[in-house]
Amino acid sequence: MLDGVVAQSKYPLAYHITPLHGLLNDPNGLVQFNGKYHVFYQWNPTGTKHINKNWGHMVSDNMVDWERREIALAPSEYYDKDGILYLFYTGNVIEEDGTKKSYQCYATSEDGITFDKKGPLFAHPEGFTRHVRDPKVWYSETEAKWFLLLGAQTNELLGTAIWYVSTNLIEWEYLGEILSADSEAYMWECPDLFELDGQWVFLLSPQGLPAKGHQFQNIYHSVYFPVVRAGSKYEMVNEKMLEIDWGFEFYAPQTFEADDGRRILYAWMGVMEPEVEQATPTISEGWIHNLTIPRELQFENGKLKQYPVPELALLRKNKTTYTLSEPWLVASDEYAYELLMDVESEASFTLSIKDGTKLFYDVKDRSLTLERINWLTQQPETRKTLLDQPLTDVHIFIDGSSIEIFSNAGTSVASARFFEEGPFVMRYEGEITGRIDIYELEHKNPLS
């Protein structure tokens, strides 16, 4: 968003949620309340390091035009003075003797603007380290009960998730592990469980997974898998975790159900190695990181599908159309674009964004490759995925220093930041039969 220090940045973001200044990370507390969309996020307003986390707050009627609100929650009480904050949130305490504890806490609000802290609900249970966090709460109509899901780490340092049940949101009964502990990941963060198109789907952000082929190449990952209820637990349908996003920066996704029944997802475009993060060019400007655009989820034929929400079409301005069978070039002072590529018959192509950021499609192995210049090493680096079907469409959102790519009806998605100075130039070379529509997008300055 074009306010605060981002408005004067060399790498501005015109329509993504950004911090006014300081550091932004995980989205939390996503909800549509009294018809308005609320997005909360972890925010350090005092600097660009992962300390002093508050709960930033944005409100919108349409997920396009946003209003900044005051900090919703700040770490001011003994039970949350060292922690990460949520409406249902995790409070962490480090005692003088070094003992570490975690509490699940809650706050209430009647207007969605001001919040009243109520204190801890319960401490983390026996058998787990203090790494028990990221509560997700939902109501089951069939059981007439509330459920609370938490990412956790066992005393054996294995990643898992635990859950609780309640009839009044105050008194919670511990149900144990909702899934069996992970033998590869040492921690599960940001768990989410919901029913989508007749299938229960589990989202989580495991830490410690080893790379497998082209998957799990980043420091931390975000995955999904279908599950089925089995008594007091759930079971994976096929014992296979699938990466939600094959790009460079995508972590801590969270979802909510809108009033119209849509399942909407936001994630943090920021997880990276600490040395890479501290080399991010915007740190010298006093800010770092942003959220993804909002995405609608669907589940079909065993796959999670992500679509940019249709409200984003409100951003569209000038439109240009090109054929995909001939090269073209767009050079402009503009830096916010939407590209819709309709493929009639597939072939290899290269799409360049500025000089060092490129998207390749190789028809021989049906691979998509995203390349950029690493801003720490100044060397090219890539992420790659293999499609299991012919390429039919590519939908891209570009916003100054971010790119989000949706292909084959949202079944293959990649997100990344890139930092290149100089004029904005897009070049295309390929022999695909089809067309591409390119829209310039509005720049948004949120209300304060």
Side-chain angles (χ1 to χ4, degrees), residues 15 214 243-248 292-298 300-301 303-332 334-372 382-400 402-416 418 424-442:
Y15 53 87
H214 299 299
E243 211 160 20
I244 299 173
D245 187 297
W246 58 270
F248 291 92
T292 64
I293 58 174
R295 306 172 180 185
E296 179 181 349
L297 301 184
Q298 295 180 15
E300 184 179 349
N301 298 325
K303 292 183 180 179
L304 187 69
K305 304 173 78 170
Q306 304 175 65
Y307 300 93
V309 297
E311 288 90 336
L312 292 170
L314 295 170
L315 292 166
R316 291 174 180 173
K317 298 192 300 184
N318 302 324
K319 175 184 175 182
T320 308
T321 300
Y322 297 95
T323 179
L324 294 173
S325 58
E326 298 177 355
W328 50 263
L329 179 147
V330 173
S332 171
E334 183 53 72
Y335 60 84
Y337 291 96
E338 180 185 4
L339 286 65
L340 292 100
M341 183 183 295
D342 184 17
V343 178
E344 296 176 3
S345 62
E346 62 175 355
S348 299
F349 73 82
T350 300
L351 175 65
S352 301
I353 312 296
K354 292 196 172 182
D355 293 323
T357 305
K358 301 175 183 179
L359 178 65
F360 304 97
Y361 180 65
D362 189 335
V363 71
K364 294 179 182 178
D365 60 357
R366 289 195 175 128
S367 64
L368 279 168
T369 301
L370 179 61
E371 179 178 294
R372 71 174 180 192
T382 61
R383 293 291 182 267
K384 182 177 181 178
T385 191
L386 302 179
L387 303 180
D388 57 6
Q389 297 290 332
L391 183 68
T392 58
D393 60 273
V394 183
H395 193 173
I396 301 174
F397 279 80
I398 299 170
D399 190 5
S402 78
I403 182 169
E404 293 169 74
I405 304 164
F406 305 79
S407 59
N408 278 13
T411 58
S412 178
V413 181
S415 306
F418 62 95
F424 204 97
V425 179
M426 289 188 293
R427 296 182 178 88
Y428 167 86
E429 292 183 355
E431 299 177 349
I432 294 175
T433 302
R435 55 179 275 171
I436 184 168
D437 295 328
I438 301 177
Y439 293 91
E440 294 180 359
L441 300 183
E442 292 277 0

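Reckoned from all heavy atoms, side chains included, excluding hydrogens, waters and symmetry mates.
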Under the salt bridge (Lys or Arg N to Asp or Glu O under 4.0 Å) test, residues paired with [X] that sit two or more places apart:
X: D355; value: R427
X: E334; value: K317
X: E344; value: none
X: R383; value: none

Side-chain donor or acceptor of [X] paired with backbone N/O of [Y] under 3.5 Å:
X: S407; Y: S412; answer: yes
X: E346; Y: L391; answer: yes
X: N318; Y: E440; answer: no
X: Q389; Y: N408; answer: no

By ring-ring contact (aromatic ring centres under 6.0 Å, His included) - contacts of Y322 (at least two apart):
W328
ring-ring contact (aromatic ring centres under 6.0 Å, His included) partners of Y307, counting only residues at least two apart:
none
Can you confirm whether [X] sits close enough to [Y] that some side-chain heavy atom of one is under 4.5 Å from a side-chain heavy atom of the other?
X: W246; Y: L368; result: yes
X: M426; Y: I398; result: yes
X: T385; Y: E243; result: no
X: K303; Y: D388; result: yes

Candidate pair T320 and V330, rule side chain to side chain contact (heavy atoms under 4.5 Å, CB included), full reasoning:
CA-CA 10 Å; T320 308; V330 173; over 6 Å; no
Determine, stepwise, if the pair D399 / I293 fulfils side chain to side chain contact (heavy atoms under 4.5 Å, CB included).
CA-CA 10 Å; D399 190 5; I293 58 174; over 6 Å; no
Could you go through the side chain to side chain contact (heavy atoms under 4.5 Å, CB included) check for Q306 and L297 one step at a time?
CA-CA 5 Å; Q306 304 175 65; L297 301 184; 3.7 Å; yes
So which heavy atom on [X] is nearest to which on [Y], and how close?
X: A414; Y: D245; result: CA-OD1, 3.2 Å
X: I353; Y: F424; result: CG2-CZ, 3.6 Å
X: S345; Y: I432; result: O-CG2, 3.4 Å
X: F406; Y: P308; result: CE1-CG, 3.7 Å

Suppose we screen for side chain to side chain contact (heavy atoms under 4.5 Å, CB included). Which residues come up paired with [X], at least two apart in sequence or across chains?
X: T382; result: T369, E371
X: L386; result: H214, D365, S367, K384
X: S348; result: D362, V363
X: K319; result: T321, R435, D437, Y439

Once rounded to the nearest 0.5 Å, what's the spacing between atom [atom1] of [X] and atom [atom2] of [Y]?
X: Y15; Y: S402; atom1: OH; atom2: OG; answer: 5.5 Å
X: Y428; Y: S352; atom1: OH; atom2: OG; answer: 11.5 Å
X: I405; Y: L359; atom1: CD1; atom2: CG; answer: 4.5 Å
X: L351; Y: F360; atom1: CG; atom2: CZ; answer: 10.0 Å

Decide side chain to side chain contact (heavy atoms under 4.5 Å, CB included) for F349 and L324; before the verdict, give the C-alpha distance in whole Å, the side-chain angles of both, and the deciding distance to 0.1 Å.
CA-CA 9 Å; F349 73 82; L324 294 173; over 6 Å; no
Which pairs pass salt bridge (Lys or Arg N to Asp or Glu O under 4.0 Å) with one or both residues in residues 304-314, sequence neighbours excluded?
R262-E311, E300-K305
Side-chain atoms of residues 335-343: list all donor-acceptor pairs with protein atoms under 3.5 Å, sequence neighbours left out, distances to 0.1 Å.
residue : atom : partner : partner atom : Å
Y337    : OH   : S332    : OG           : 3.4
E338    : OE1  : R316    : NE           : 2.8
E338    : OE2  : R316    : NH2          : 2.9
E338    : OE2  : H395    : NE2          : 2.7

Does atom CD of E431 have more than 12 heavy-atom neighbours, drawn from other residues, nucleotides or ligands, at distances under 6.0 Å?
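At most 12 heavy atoms, drawn from other residues, nucleotides or ligands, come within 6.0 Å of this atom.
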